[in-house]
Amino acid sequence: MTAPLVIRPDVRSVIQQPLTVGESPVWDEETGTLWFVDIQAPALVRLSGSGKIDRFDMPAAIGALGLCRDHKIVVALQTGVHLFDPVSGDFELVSDPVGRHINCRLNDGKVGPDGHFWIGSISEAKPQTDEAALYRVSADGRTRTVATGLTSSNGLAWSPDGRRMYHSDSRQCFLQAFDFDADTGDLGDGRRLRSFTEDEGRPDGATTDRDGFYWSAGVSAGRLNRISPEGKIVEIYILPVAAPTMPCFGGPDLRTLFVTSLSTDRTGRFEAGTVIAFDVDAEGLPPFRFGAGHPPG
């Protein structure tokens with residue numbers, strides 16, 4: 001068995017302000033801007049190509065975001081899925097999948113090839129329980145629960161042809177894949193691709209490249225794992241942040257990886273969350289947009 005290639009990329013910092021829990025980076029190829037969230041601040045952040053940062057304070061903890069065709073942003077808040085207008089500052093409730101009856105909040109989410117917002121929850125119970133779930137939310141508010149028995153729903157991404165959906169559970173440390181119908185959003189049965197050790201990195205947020213490889217943030221190991229469609233780690237990117245949370249492809253040629261991280265003292269010294277970037281020999285895909293189905297090209 002061939003050992004994974006270990007890479008120490010030439011990393012640059014893209015923000016100076018510290019983050020509590022940086023997450024959900026999304027590149028808007030139409031405007032050349034990077035969006036991401038600071039979960040506990042809570043805030044939605046926009047980074048322009050010139051380096052200008054716009055920060056939008058949120059009324060509740062924010063787990064993830066997605067882009068819309070009308071330049072609004074779909075946001076997953078503690079209080080549900082909302083549409084946010086960065087110009088007016090207005091919010092519009094779309095759906096509240098979790099409700100207040102269980103101790104979970106919305107966590108990792110992405111717009112899928114079907115134009116729906118796929119959003120998972122995370123248990124906030126201490127100790128954590130398996131009451132978390134994965135939901136599919138349409139632009140008109142219809143919501144379907146598609147997976148249960150989760151602790152920390154994470155790692156959503158789709159294959160380039162839109163026929164496979166990846167999903168992980170950060171606490172249960174597994175990666176699974178589903179057959180996916182981009183027209184209906186229907187899932188086939190999930191199958192486990194691999195389990196992870198703490199040293200390999202608990203699987204946090206993720207993305208896919210144009211060649212079909214899955215890039216998973218190893219939040220417990222300070223690394224990014226590039227994983228084949230068969231579930232094998234083929235490349236390990238050693239990062240200068242202790243707790244990377246999610247990668248996304250961006251830049252004009254979609255060959256730059258942006259990676260968010262969270263604040264931690266796991267290594268024995270406190271390290272604030274941030275966003276880093278580095279160039280890779282792989283190309284990403286532009287994000288899907290809420291309410292608009294099928295791959296963007």
Side-chain angles (χ1 to χ4, degrees), residues 9 11-28 32-67 73-79 82 84 86 89 105-110 119-122 124 152-156 170-171 201-207 215-224 237-251 256-278 287:
V11 171
R12 55 191 182 273
S13 177
V14 297
I15 62 166
Q16 302 306 313
Q17 296 94 324
L19 305 176
T20 56
V21 182
E23 263 285 8
S24 194
V26 178
W27 176 261
D28 185 344
T33 55
L34 180 74
W35 292 87
F36 56 94
V37 308
D38 190 349
I39 292 179
Q40 294 174 352
L44 174 67
V45 185
R46 179 176 61 198
L47 174 66
S48 72
S50 66
K52 179 176 183 287
I53 289 181
D54 295 300
R55 178 188 174 94
F56 305 93
D57 291 334
M58 294 288 106
I62 176 171
L65 71 99
L67 306 181
I73 307 295
V74 57
V75 292
L77 303 182
Q78 179 92 47
T79 51
H82 293 73
F84 172 68
R105 68 163 173 81
L106 294 177
N107 188 44
D108 178 78
K110 265 190 184 152
I119 179 71
S121 59
I122 181 174
E124 294 203 300
S152 177
S153 179
N154 228 316
L156 285 167
S170 296
R171 187 56 58 188
R202 282 190 282 109
D204 206 311
T207 190
W215 300 68
S216 172
V219 68
S220 62
R223 71 193 229 185
L224 195 63
Y237 289 77
I238 305 298
L239 303 179
V241 292
T245 54
M246 187 173 177
C248 84
F249 284 93
T256 298
L257 267 179
F258 294 93
V259 183
T260 50
S261 69
L262 56 81
S263 299
T264 181
D265 57 4
R266 182 176 59 81
T267 61
R269 64 180 181 83
F270 177 78
E271 178 184 304
T274 189
V275 184
I276 59 174
F278 55 95

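By convention here, the first residue in the shown sequence is residue 1. Values in this document were obtained by computation on a predicted structure and should not be read as measured data.
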If only atom types and distance count, is the side chain of [X] paired as donor or acceptor with the main-chain N or O of [Y] below 3.5 Å?
X	Y	answer
Asp28	Trp35	no
Ser24	Phe36	no
Thr260	Thr245	no
Ser261	Ala243	no
Thr33	Ser48	no
Asp38	Ala43	no
Asp108	Gly205	no
Ser152	Arg171	no

List the atom of [X], the atom of [Y], and the distance in Å for their closest heavy-atom pair.
X	Y	result
Ile276	Val14	N-CG2, 4.3 Å
Arg105	Gly63	NH1-CA, 4.4 Å
Ser153	Gly120	OG-CA, 3.4 Å
Ala206	Ser216	CB-CA, 4.1 Å
Ile15	Ser13	O-OG, 3.0 Å
Phe278	Leu239	CE2-CD2, 3.7 Å

Less than 4.5 Å apart, any side-chain heavy atom of [X] and any of [Y]?
X	Y	result
Pro25	Leu34	yes
Pro42	Leu77	no
Asn154	Asn107	yes

> Would one find more than 12 heavy atoms of other residues, nucleotides or ligands at under 6.0 Å from atom CZ of Arg12?
Replying inline: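 Result for CZ/Arg12: enclosed.
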
> Should Ile53 and Val45 be marked as a side chain to side chain contact (heavy atoms under 4.5 Å, CB included) after you check the CA-CA gap, both sets of side-chain angles, and the distance that decides it?
Replying inline: CA-CA 7 Å; Ile53 289 181; Val45 185; 3.7 Å; yes

>> Apply side chain to side chain contact (heavy atoms under 4.5 Å, CB included) to residues Thr256 and Phe249 and explain how you reach the verdict.
In response: CA-CA 6 Å; Thr256 298; Phe249 284 93; over 6 Å; no

With rounding to the nearest 0.5 Å, note down the distance linking [atom1] in [X] to [atom2] in [Y].
X	Y	atom1	atom2	result
Arg55	Leu44	CZ	CG	10.0 Å
Glu23	Ile62	CD	CD1	11.0 Å
Leu19	Thr274	CG	OG1	6.0 Å
Lys110	Leu65	NZ	CG	10.5 Å
Asp265	Glu271	CG	CD	10.0 Å

>> Can you classify the ring geometry of Trp27 versus Phe258 as parallel (below 30°), tilted (30 to 60°) or perpendicular (above 60°)?
In response: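 Trp27 vs Phe258 ring planes: parallel.
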
> In terms of the angle between their ring planes, are Trp215 and Tyr237 parallel, tilted or perpendicular, with boundaries placed at 30° and 60°?
Replying inline: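 Geometry flag for Tyr237 against Trp215: tilted rings.
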
> Quick one: side chain to side chain donor-acceptor pair (under 3.5 Å) partners of Thr207, sequence neighbours excluded?
Replying inline: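 Listed in chain order: nothing, the list is empty.
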
> Is Arg202 salt-bridged to Asp204, cutoff N-O under 4.0 Å?
Replying inline: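 Result for this pair is no, no salt bridge flagged.
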
> Taking it one step at a time, do Glu124 and Gln78 satisfy side chain to side chain contact (heavy atoms under 4.5 Å, CB included)?
Replying inline: CA-CA 11 Å; Glu124 294 203 300; Gln78 179 92 47; 3.8 Å; yes

